[in-house]
Amino acid sequence: MRKVIATILVLLCVVAAVAASPKWESVFVPGRSTAVTERTADSDTVEVSVSDGYIYVSCTRPTNVKVFTILGQLISQETLRAGSHRLHMASRGIYILKAADITRRITI
């Protein structure tokens, strides 16, 4: 009985942690003047910008994006479809964004 209760508690904690993690959402973003545009090795165009506590990423094809804390802890990992997406960062700080083969330091 203790094992069943312990298992249920662990599963509830995992579900709560997944639900609390930041999620990428698709957005329409007209031209952002502060965006940094780069080309990846396979000619993909990726634009990255920061505004109002959000990280904005625009890509021309599906792109694997990872966001890490400055200490290397993975915050978010997702393959984004082509288009513009944003991720709300709950706390200010310095983050590392890796999109395809591009790596950027992001300050919020």
Side-chain angles (χ1 to χ4, degrees):
M1 184 66 170
R2 286 184 180 174
K3 288 182 181 181
V4 172
I5 292 173
T7 303
I8 291 172
L9 287 175
V10 168
L11 288 174
L12 288 175
C13 290
V14 168
V15 169
V18 169
S21 65
K23 302 289 184 208
W24 287 93
E25 54 186 0
S26 295
V27 293
F28 172 72
V29 182
R32 299 183 82 69
S33 60
T34 60
V36 176
T37 303
E38 293 195 31
R39 290 202 175 278
T40 63
D42 57 355
S43 298
D44 184 21
T45 301
V46 177
E47 291 184 7
V48 178
S49 64
V50 176
S51 178
D52 300 326
Y54 287 94
I55 298 174
Y56 292 88
V57 175
S58 297
C59 47
T60 55
R61 66 171 82 168
T63 304
N64 188 18
V65 178
K66 297 178 183 179
V67 179
F68 299 92
T69 65
I70 195 69
L71 298 175
Q73 180 183 9
L74 183 64
I75 299 290
S76 175
Q77 176 179 0
E78 194 163 335
T79 300
L80 302 178
R81 297 185 318 256
S84 297
H85 307 274
R86 72 180 180 181
L87 177 67
H88 179 68
M89 301 306 292
S91 60
R92 300 176 69 110
I94 299 173
Y95 297 92
I96 306 299
L97 181 129
K98 185 166 176 65
D101 58 352
I102 297 170
T103 303
R104 281 277 157 245
R105 180 181 58 91
I106 304 291
T107 304
I108 296 181

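All values derive from a computational prediction rather than experimental measurement.
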Open item on the list: Side chains of Met89 and Ile75, heavy atoms from C-beta outward: is any pair under 4.5 Å?
Closed with: yes

Task: Gap separating the CD1 atom of Ile94 from the CG atom of Leu71, nearest 0.5 angstrom - done: 10.0 Å

Task: Exercise: identify the closest heavy-atom pair between Val46 and Cys59 - done: CG2-CB, 4.4 Å

Open item on the list: Restricting to side chain to side chain donor-acceptor pair (under 3.5 Å), what partner residues turn up for Thr79, sequence neighbours left out?
Closed with: none

- [ ] Not counting sequence neighbours, which residues clear side chain to side chain donor-acceptor pair (under 3.5 Å) with Arg105? List them please.
- [x] Thr107

Open item on the list: Can you pull out every ring pair (Phe, Tyr, Trp, His ring centres under 6.0 Å) where at least one residue sits in residues 88-108? Sequence neighbours excluded, please.
Closed with: Tyr54-His88

Task: Rounded distance (nearest 0.5 Å) linking atom CD1 of Ile96 with atom OG1 of Thr103 - done: 8.0 Å

- [ ] Without swapping roles, check the side chain of Thr60 against the backbone of Thr45 for a donor-acceptor pair under 3.5 Å.
- [x] yes

Open item on the list: Just to verify, which of Leu97, Ile106, Leu74 counts as forming a side-chain contact (heavy atoms from CB on, under 4.5 Å) with Phe68?
Closed with: Leu74

Task: Separation of Ile55 CD1 from His85 NE2 (nearest 0.5 Å) - done: 14.0 Å

